2 protein chains.
Amino acid sequence: MNSYQQFALDALGDSTRRAIVDRLLRGPVSVGKLAEEFPISRPAISQHLRLLKEARLVIDEAQGTRRVYRLNPEGFETLRSYFDQFWIMALTAFKEKVEEQ
Amino acid sequence: MNSYQQFALDALGDSTRRAIVDRLLRGPVSVGKLAEEFPISRPAISQHLRLLKEARLVIDEAQGTRRVYRLNPEGFETLRSYFDQFWIMALTAFKEKVEEQ
DNA sequence: ATTTACGGTAAGTGAATTCTTACCAACAGT
DNA sequence: ACTGTTGGTAAGAATTCACTTACCGTAAAT
């Protein structure tokens, strides 16, 4: 497991950040817009976005004074392939166990 | 997103629990054995296992006074299919954005 | 029946995280 | 140049979370 996956799982371990990710699924948004939609302050949103960005789950882009965030499909692809692999290993281990009996 | 997936992501949001999961990938273990292999106390291990169990990521089975934990492939399968779906949605959203330009 | 092994739970402590307020920098419009 | 808008960062408060010690219940062994 590489370190970005570690960061990604840490990042997704918080329900607020998962809610942000769910919101970004509906399209890119600016920080201020996000803060309006959530019950926490704008700096709090910024901090969550920083973690999501470090985990490569989101990308940001400057648009004038605004900063628009969107999902990073590559980050999720990495995570998905990890789960694919993991699931295969878990299933294999499980099958071996069953066949032993 | 159903609630088990929420619990699963919360559970995998901790590095110790991820290490436990990695260990279980090598096969089923008892609580005491797990505690020996980790630098934390047995009750701490028990508490982590409870969260992993609530998230349906592990299954436990009594063997005498021992309690053996193993991975639950179904739990990981659920999570994997979530990521499959998520990734598709994220990719679609991303493509739409690109095509707009 | 007692003892030993094993593991779950409760309560409290310490550490890590999340949040807020205050402040600052960058860009756009007047 | 000045003003308003936007958002990142710092510092500290508040909350959450992981961990330990202490205790209890259950099952096997003597």
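What you see is a predicted model; the values in this text were computed from it and never measured. Chain identifiers are assigned alphabetically (A, B, ...) following the order of the sequence lines, protein sequences preceding nucleic acid strands; residue numbering begins at 1 within each chain.
Between R66(B) and dC6(C) there is a side-chain polar atom (N or O) within less than 4.0 angstrom of OP1 or OP2. Side-chain N/O atoms of Y69(B) include none lying less than 4.0 angstrom from OP1 or OP2 on dC6(C).
Under a cut-off of 6.0 angstrom, the local environment of CD in Q85(B) is sparse, with at most 12 non-hydrogen atoms contributed by other residues, nucleotides or ligands.
Every residue two or more places apart in sequence or in another chain was checked for a side-chain hydrogen bond (donor to acceptor under 3.5 Å, both in side chains) with E36(A), and none qualifies. For R23(B), the salt bridge (charged side-chain N to carboxylate O under 4.0 Å, His left out) criterion is met by E37(B), not counting sequence neighbours. Partners of Y69(B) according to the ring pair (Phe, Tyr, Trp, His ring centres under 6.0 Å) rule, which considers only residues two or more places apart in sequence or in another chain, do not exist here.
N72(B) contributes no side-chain N or O that, together with a main-chain N or O of I59(B), makes up a donor-acceptor pair within less than 3.5 Å. Looking at R42(A), its side chain never comes within 3.5 Å of a backbone N or O of G32(A) through a donor-acceptor pair.
In this structure, R67(A) places its CZ atom 10 Å from C1' of dA26(C), rounding to the nearest Å. Taking atom CG of residue L12(B) and atom P of nucleotide dA18(D), one finds them 12 Å apart after rounding to whole Å. As a whole-Å value, the separation of L49(B) CG from dG7(C) C1' is 10 Å. Following rounding to the nearest Å, K33(B) (NZ) and dA5(C) (P) show an atom-to-atom distance of 18 Å. In this entry the distance linking CD of E61(A) with P of dT6(D) reads 17 Å, nearest Å.
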Go along nucleotides 25-30 of chain D 5' to 3' and tag each nucleotide: B for a protein heavy atom under 4.0 Å from its base, S when only backbone or sugar atoms are that close, - otherwise. --BS--
Can you build the contact string for nucleotides 9-21 of chain C? Use B for base contact, S for sugar-phosphate-only contact, and - for no protein heavy atom under 4.0 Å. BB-------SBBB
Name every donor-acceptor pair, under 3.5 Å, that has one atom in a side chain of residues 44-55 of chain A and the other anywhere in the protein, sequence neighbours excluded.
residue	atom	partner	partner atom	Å
H48(A)	ND1	R17(A)	NH1	3.0
K53(A)	NZ	D60(A)	OD1	3.2
K53(A)	NZ	D60(A)	OD2	3.2

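Taking 4.0 Å as the cut-off between side-chain N and carboxylate O, R67(B) and E61(B) do not count as a salt-bridged pair.
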